[in-house]
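Within every chain, numbering begins at 1; the chains are lettered A, B, ... in the order of the sequence lines, protein sequences first and strands thereafter.
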Number of protein chains: 2
Amino acid sequence: MTHDQIFKALADPTRRTIFERLATSGHNASELREGLSISQPAMSQHLAVLRAAGLVREQRQGRFVNYEVDPDGLASIGEWLAKYRAYWPARIDDLKTLLKDMDQ
Amino acid sequence: MTHDQIFKALADPTRRTIFERLATSGHNASELREGLSISQPAMSQHLAVLRAAGLVREQRQGRFVNYEVDPDGLASIGEWLAKYRAYWPARIDDLKTLLKDMDQ
DNA sequence: CAATGAAATAAGTCCGTGCTTATGTATCTG
DNA sequence: CAGATACATAAGCACGGACTTATTTCATTG
């Protein structure tokens with residue numbers, strides 16, 4: 001769950017698509033393949049990378065394995081980003097507004 | 001300046017080191033090489049990737065080219081991250097505190 | 001206008017990684 | 001227990017990208 005693993009995991013467009021799909025709701029590996037023209041092993045490998053990075057976590061349910069976003073990975077990016085917030089003072093207000101919206 | 005370029009740029013540990021060094025203060029390409037055991041062209045190529053991603057911007061000063069953090073790239077990560085903030089409600093307060101601290 | 005020095009580009013090599021097919025493991029069901 | 005289904009692992013291939021050395025571009029300075 002290092003920053004290296006996280007950024008490498010998100011550097012692949014297919015994995016970002018998977019991750020963004022999981023952000024909507026949890027899915028098992030087969031469901032995640034729908035629309036993406038990749039083999040079953042390819043999906044399994046992508047999920048392994050995302051899991052190792054702490055971006056996604058699994059939950060076995062019988063024959064299926066349900067995947068969902070792992071908040072830890074996101075928080076880790078947030079912490080990395082926080083170190084450089086000094087560089088976007090002009091946008092802080094936007095972010096504040098966004099956080100306020102999310103409170104409701 | 002797509003998310004793809006940004007994440008790919010930050011996926012390389014050498015480029016993250018360069019970026020983090022620039023976050024401290026601006027440097028020219030030669031200064032950035034100090035400590036890193038890579039060739040001059042390698043640094044030039046890394047800077048080109050970071051620049052294309054919008055993470056860094058250049059400013060020619062005579063024979064030297066000074067590089068500094070470009071807030072646009074960081075803001076772009078922030079926006080990407082914001083889409084998934086729903087997944088770390090427990091940490092929103094921490095972030096708020098951080099933003100409040102930065103106001104002063 | 002040489003000569004020097006900083007940085008970018010060219011060209012080529014090597015390794016990591018994302019893909020594939022084939023096979024193995026795990027769980028449910030008849 | 002046999003078969004089917006979901007997923008993981010193995011092994012190999014092919015391409016991208018991070019490096020290198022060599023060369024070019026650009027600006028300064030004698």
[X] to [Y] - nearest heavy-atom pair and separation:
X	Y	answer
Ala9(B)	Leu55(B)	CB-CD1, 3.9 Å
Leu22(B)	Tyr87(A)	O-OH, 3.6 Å
Ile6(A)	Ile77(A)	CG2-CG1, 3.6 Å
Ser76(A)	Met1(A)	CB-CE, 3.9 Å

In chain order, what residues pass the ring-ring contact (aromatic ring centres under 6.0 Å, His included) check against Phe19(A), with sequence neighbours excluded?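 With sequence neighbours excluded, Phe19(A) shows a ring-ring contact (aromatic ring centres under 6.0 Å, His included) to Trp80(B), Tyr84(B), given in chain and number order.
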Test side-chain contact (heavy atoms from CB on, under 4.5 Å) applied to Arg57(A) - qualifying residues, sequence neighbours left out: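 Only Glu68(A), Asp70(A), Pro71(A) meet the side-chain contact (heavy atoms from CB on, under 4.5 Å) criterion with Arg57(A).
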Contacts of Asp4(B) that satisfy side-chain contact (heavy atoms from CB on, under 4.5 Å) - sequence neighbours left out: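 By the side-chain contact (heavy atoms from CB on, under 4.5 Å) rule, Asp4(B) matches Pro13(A), Arg16(A), Thr2(B), Lys8(B).
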Under 4.0 Å from any heavy atom of chain A: name the first and the last nucleotide of DNA chain C that qualifies, 5' to 3'. dT17(C) to dC28(C)
Could you go through nucleotides 11-18 of chain D and list every protein N or O atom that sits under 3.5 Å from one of its N or O atoms, giving the distance for each pair?
residue, atom, partner, partner atom, Å
dA18(D), OP2, Arg15(B), NH1, 3.0
dA18(D), OP2, Arg15(B), NH2, 3.0

Counting only non-hydrogen atoms, which of residues 24-34 of chain B are less than 4.0 Å from DNA chain D? none
Which ring-ring contact (aromatic ring centres under 6.0 Å, His included) pairs, counting each pair once, include a residue from residues 43-73 of chain B, with sequence neighbours left out? none
Selection: residues 58-68 of chain B, any non-hydrogen atom under 4.0 Å of DNA chain C: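 Listed by number, they are Glu58(B), Arg63(B), Phe64(B), Val65(B), Tyr67(B).
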Side chains of residues 32-43 of chain B: which donor-acceptor pairs under 3.5 Å do they make with residues two or more places apart or in other chains?
residue, atom, partner, partner atom, Å
Arg33(B), NE, Ile38(B), O, 3.0
Arg33(B), NH2, Ile38(B), O, 3.1
Ser39(B), OG, Ala42(B), N, 3.3

Over how many whole Å does the gap from Gln40(B) atom CD to dC19(D) atom P extend? 14 Å
Same apolar cluster: Val65(A) and Leu47(A), side chain cutoff 4.5 Å: yes
Apply side-chain hydrogen bond (donor to acceptor under 3.5 Å, both in side chains) to Ser25(B) and list each qualifying residue two or more places apart in sequence or on a separate chain.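 side-chain hydrogen bond (donor to acceptor under 3.5 Å, both in side chains) check on Ser25(B) returns His27(B).
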Within residues 35-55 of chain B or reaching into it, pairs that qualify as salt bridge (Lys or Arg N to Asp or Glu O under 4.0 Å) - sequence neighbours excluded: Arg51(B)-Glu58(B)
